[in-house]
Visitor: 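There's a structure below that I have some questions on.
By convention in this document, chain letters (A, B, ...) are assigned in the order of the sequence lines, proteins followed by strands, and residues within each chain are numbered from 1.
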Amino acid sequence: MHRWSELFIPTLREAPADAEVASHKFLVRAGYIRQLAAGIYSYLFLGNRSFNKVSAIVRQEMDRIGQEFYLPALHPRELWEASGRYAIMGENLFRLKDRKGTDMCLGMTEEEVMTSIALKELRSYKQLPQIWYQIAPKFRDEPRPRSGLLRVRQFMMKDSYSFDIDAAGLDVSYKKHYGAYCAIFDRCGLKYMVVEADSGAMGGKESHEFMVRTNAGEDLIVSCDACDYAANLEKATSKLEAVEDLKPEGDGNPLEVHTPGQKTIEEVAKFLGVSPKNKIKTLALMADEVASDNKDTKGKKHSRAIIVLLRGDHQLNEAKLNGTVAAATRPMEEAEIRALFKSPAGYLGPMGIDWSRDLNDVAKPVLLVDKALEGRANLIAGANKEDYHVKNLTPGKDFHPTAYADLRSVTAGEACPNCGKPLRIDTAVEIGHIFKLGYRYSDSMGLRVLDKNGKEVMPIMGCYGIGIERILTAAVEQGNDENGFWLPPSIAPFEVVIAPVNVKDEAVSKAAEDIAKRLEAAGFDVVLDDRDERPGVKFKDADLVGIPFRITVGKRVTEGTVEVVIRSTREVRDVTISAIVDHFHHLLGRAG
RNA sequence: CGGGGCGUAGCGCAGCCUGGUAGCGCACCUGCCUUGGGCGCAGGGGGUCGUAGGUUCAAAUCCUAUCGCCCCGACCA
């Protein structure tokens, strides 16, 4: 039996000064975790217990669809060179040398290791499909670890990888994961949502994220309360209300107007008496394309101009831009702006520049136009001349975009793309991500099997991740008040804490001991707070440490009664001692 | 990596400006007392003031460097 007096549960009255988010404060105060360094945490007794329960649920559900492996965290450089990620991952990849000077790194994910096993062992379509998974530490040298356990440098991840003969097979593996993830998060007692996710520049086709709404989250998700539409802001779209175009002025050809000192969208719109919706916002960006190996080719970089046009009242979504041009961009410097536009910032527009016709044409500047401007007419943009703007601009007629693309960020209140009702935007924590990888690794690492016809084909892959500590963190964020937090019983370190009000009272402590024994015999996870402390101390600790139920054993044992307290609602019930086991069978929905 | 903040006992903080005995609350130990929401009284232990160098008769305090941690941003398969 677990006796609190013998356990190491170092609770704190005050949170460490550098903890800001609720989960961080409470997990430290409750003695679950202690910090070792930035983004690196130790799990103490309670933390580890909870952690193990989460892992066990993940393992059970994953075992229904896949096979568990255990892969090394220490990887040779060559493996990451083979996939091309040694360079791509940059500083986020922990790198080290072994005693012989061989370059090694610590795994951020295990696509390379899994694929290397697959390519050595898989020979035939008959061996497919495969789903391999593991629950193991991952290492990422994050530029800025933060928010306690939310963004850390070492964390436990359930990562799985599927290998299928074709896209239809991948669909099946993907759906199996979708189902398993729902089962896992349901069992962990989380209120989560599944959102369409940005598949990134890696060329994936489909991707969903499992998100828990909390103000501590780092992601922004767009969702519709009226239907099931939900997407990461990086991916979300919306229906726009039609905008009435301006009437053409004069002969309908581009017309310069004098706009002295009017630089911002708002200033110009007000000055000309039009809505920002009839204006073009011109963003001047540069993509610095550094050759793939950043060490040897230092200083040798090729920059190309990327000019983005948006409706005047819209904001650029950098993830979407990234997906379109597959490169990181930065704002142009003043000199670069003058070199291209022959004009100072504030009066930029698309006129008079020879734009690239093709995204792959590196020689000329690229003009990307947001889809919200497609089909619009008589817009107003800068004239590329100080103190002048141009009216009557119609895309496709007066200037020729390199490409139209969805580049803007959705804002709250815009119409849902499915049902037209207003969209909401919330912050959220990503607890899981499923991803159709495609042929990215099969191709780069040379994975081939023979199909029915004896022909070599590339298996298609999927990868799927769950952040174990994020489940715990999200659960704490979801259930806390000023006194502490409560975890769902399935992932709490103990289901019940039994608090005898005075251990020196024989009747009380005997009854508490007896109840603990009976509940434990019935299969409940209980801890007996047998410390010789005042009741207030025990209650405060019980409230703090995340245990969902408390039994208070007080003077009324003489009447055969104790109190059961539900932590989340603070509901208190009198229960007769003889009925206590039945009561918990009922409370926890377990058969007696 | 840019901007900001902070390193003094396990936790929370004061002291630093204006150099001179290192302090408070909580926690901890002993004893008494108390026992339905962090009880009370008495006694006690614990700190190279992040580290290194410098200025000075004297440095937690002033100067320089460095390390670490937190926050905002950039970044985040």
Visitor: Rounded to whole angstrom, note down the P distance from B:U34 over to B:G45.
Guide: 28 Å
Visitor: Kindly say whether, by distance alone, the side chain of A:D543 makes a donor-acceptor pair under 3.5 Å with the base of B:G37?
Guide: yes
Visitor: So, does A:Q35 get its side chain near the phosphate of B:C70, meaning an N or O under 4.0 Å from OP1 or OP2?
Guide: yes
Visitor: According to the Watson-Crick and G-U wobble definitions, with both distances under 3.5 Å, which nucleotide is paired to B:U66?
Guide: B:G50
Visitor: List the atom pairs, with distances to 0.1 Å, where a side-chain N or O of residues 36-45 of chain A and a protein N or O form a donor-acceptor pair under 3.5 Å, not counting sequence neighbours.
Guide:
{"from": "A:Y41", "atom 1": "OH", "to": "A:H24", "atom 2": "NE2", "distance (Å)": "3.3"}

Visitor: Which nucleotide in the set B:G36, B:U35, B:C13 lies at the smallest distance from any side-chain heavy atom of A:E563?
Guide: B:G36
Visitor: Check every atom of B:G12, B:U35, B:G36 against the side chain of A:K555 and return the nucleotide holding the closest atom.
Guide: B:G36
Visitor: Tell me the interatomic distance from A:R151, atom CZ, to B:C70, atom P, rounded to whole angstroms.
Guide: 14 Å
Visitor: Can you identify which nucleotide, out of B:G38, B:A74, B:C69, has its nearest atom closest to the A:D541 side chain?
Guide: B:G38
Visitor: Which of these nucleotides, B:C75, B:U35, B:C70, is closest to any side-chain atom of A:R146?
Guide: B:C75
Visitor: When the C1' atoms of B:U66 and B:U21 are considered, how many whole Å apart are they?
Guide: 31 Å
Visitor: Nearest of B:C76, B:A77, B:C11 to any side-chain atom of A:P16?
Guide: B:C11
Visitor: What does A:S83 touch in the nucleic acid at a heavy-atom separation under 4.0 angstrom: a base, only the sugar-phosphate, or nothing?
Guide: nothing
Visitor: Just call it for A:K538: base, sugar-phosphate, or nothing, with non-hydrogen atoms closer than 4.0 Å on any strand.
Guide: nothing
Visitor: Whom does B:G31 pair with, Watson-Crick or G-U wobble, provided both distances fall under 3.5 Å?
Guide: B:C41
Visitor: Could you measure between the two P atoms, the one in B:A58 and the one in B:C1, and give it in whole Å?
Guide: 38 Å
Visitor: Pick the P atom in B:C17 and in B:C62, then give their distance to the nearest Å.
Guide: 5 Å
Visitor: Any strand counts, and the cut-off is 3.5 Å on both contacts for Watson-Crick or G-U wobble. Which nucleotide pairs with B:U55?
Guide: none
Visitor: When the C1' atoms of B:U56 and B:U61 are considered, how many whole Å apart are they?
Guide: 13 Å
Visitor: Can you identify which nucleotide, out of B:G38, B:G36, B:C11, has its nearest atom closest to the A:L12 side chain?
Guide: B:C11
Visitor: What's the closest nucleotide to the A:E318 side chain, out of B:G36, B:U35, B:C75?
Guide: B:C75
Visitor: Taking the P atom of each, how far is B:A14 from B:C6, in whole Å?
Guide: 10 Å
Visitor: Hey, could you give me the CG/CG distance between A:D541 and A:D529, rounded to the nearest 0.5 Å?
Guide: 7.0 Å
Visitor: Using Watson-Crick or G-U wobble geometry with both distances below 3.5 Å, tell me the partner of B:G73, or none.
Guide: B:C1
Visitor: Would you find more than 12 non-hydrogen atoms of other residues, nucleotides or ligands less than 6.0 Å from A:E571 atom CD?
Guide: yes
Visitor: Can you tell me if A:R144 touches the phosphate of B:C76, counting only side-chain N or O atoms and a distance under 4.0 Å to OP1 or OP2?
Guide: no
Visitor: Would you say A:R534 reaches B:G36's phosphate, i.e. side-chain N/O to OP1/OP2 under 4.0 Å?
Guide: no
Visitor: Between the side chains of A:S162 and A:H177, is a donor N or O closer than 3.5 angstrom to an acceptor N or O?
Guide: no
Visitor: Rounded to whole angstrom, note down the P distance from B:U64 over to B:G4.
Guide: 16 Å
Visitor: Donor-acceptor pair under 3.5 Å: do we get one between A:E533's side chain and the base of B:G38?
Guide: no
Visitor: Report the nucleotide, chosen from B:U35, B:C26, B:G25, that has the shortest atom-to-atom distance to any side-chain atom of A:E14.
Guide: B:G25
Visitor: State which of B:C75, B:U35, B:G38 makes the closest approach to the side chain of A:R13.
Guide: B:G38
Visitor: Look at all strands and tell whether A:A37 reaches a base, only sugar-phosphate, or nothing, counting heavy atoms closer than 4.0 Å.
Guide: sugar-phosphate
Visitor: Out of B:C70, B:A77, B:A74, which nucleotide sits closest to the side chain of A:M157?
Guide: B:A77
Visitor: Rounding to the closest angstrom, what is the interatomic distance between B:C70 and B:G53 at atom P?
Guide: 28 Å
Visitor: Going from CD on A:E469 to OG on A:S55, what distance comes out if it is rounded to the nearest 0.5 angstrom?
Guide: 9.0 Å
Visitor: Is the distance between the ring centroids of A:F69 and A:Y161 under 6.0 Å?
Guide: no
Visitor: Should B:C26 form a Watson-Crick or G-U wobble pair with both distances under 3.5 Å, which nucleotide is its partner?
Guide: B:G10
Visitor: Looking at A:E78, I'd like to know if its CD atom is crowded, meaning that more than 12 non-hydrogen atoms belonging to other residues, nucleotides or ligands lie closer than 6.0 Å.
Guide: yes
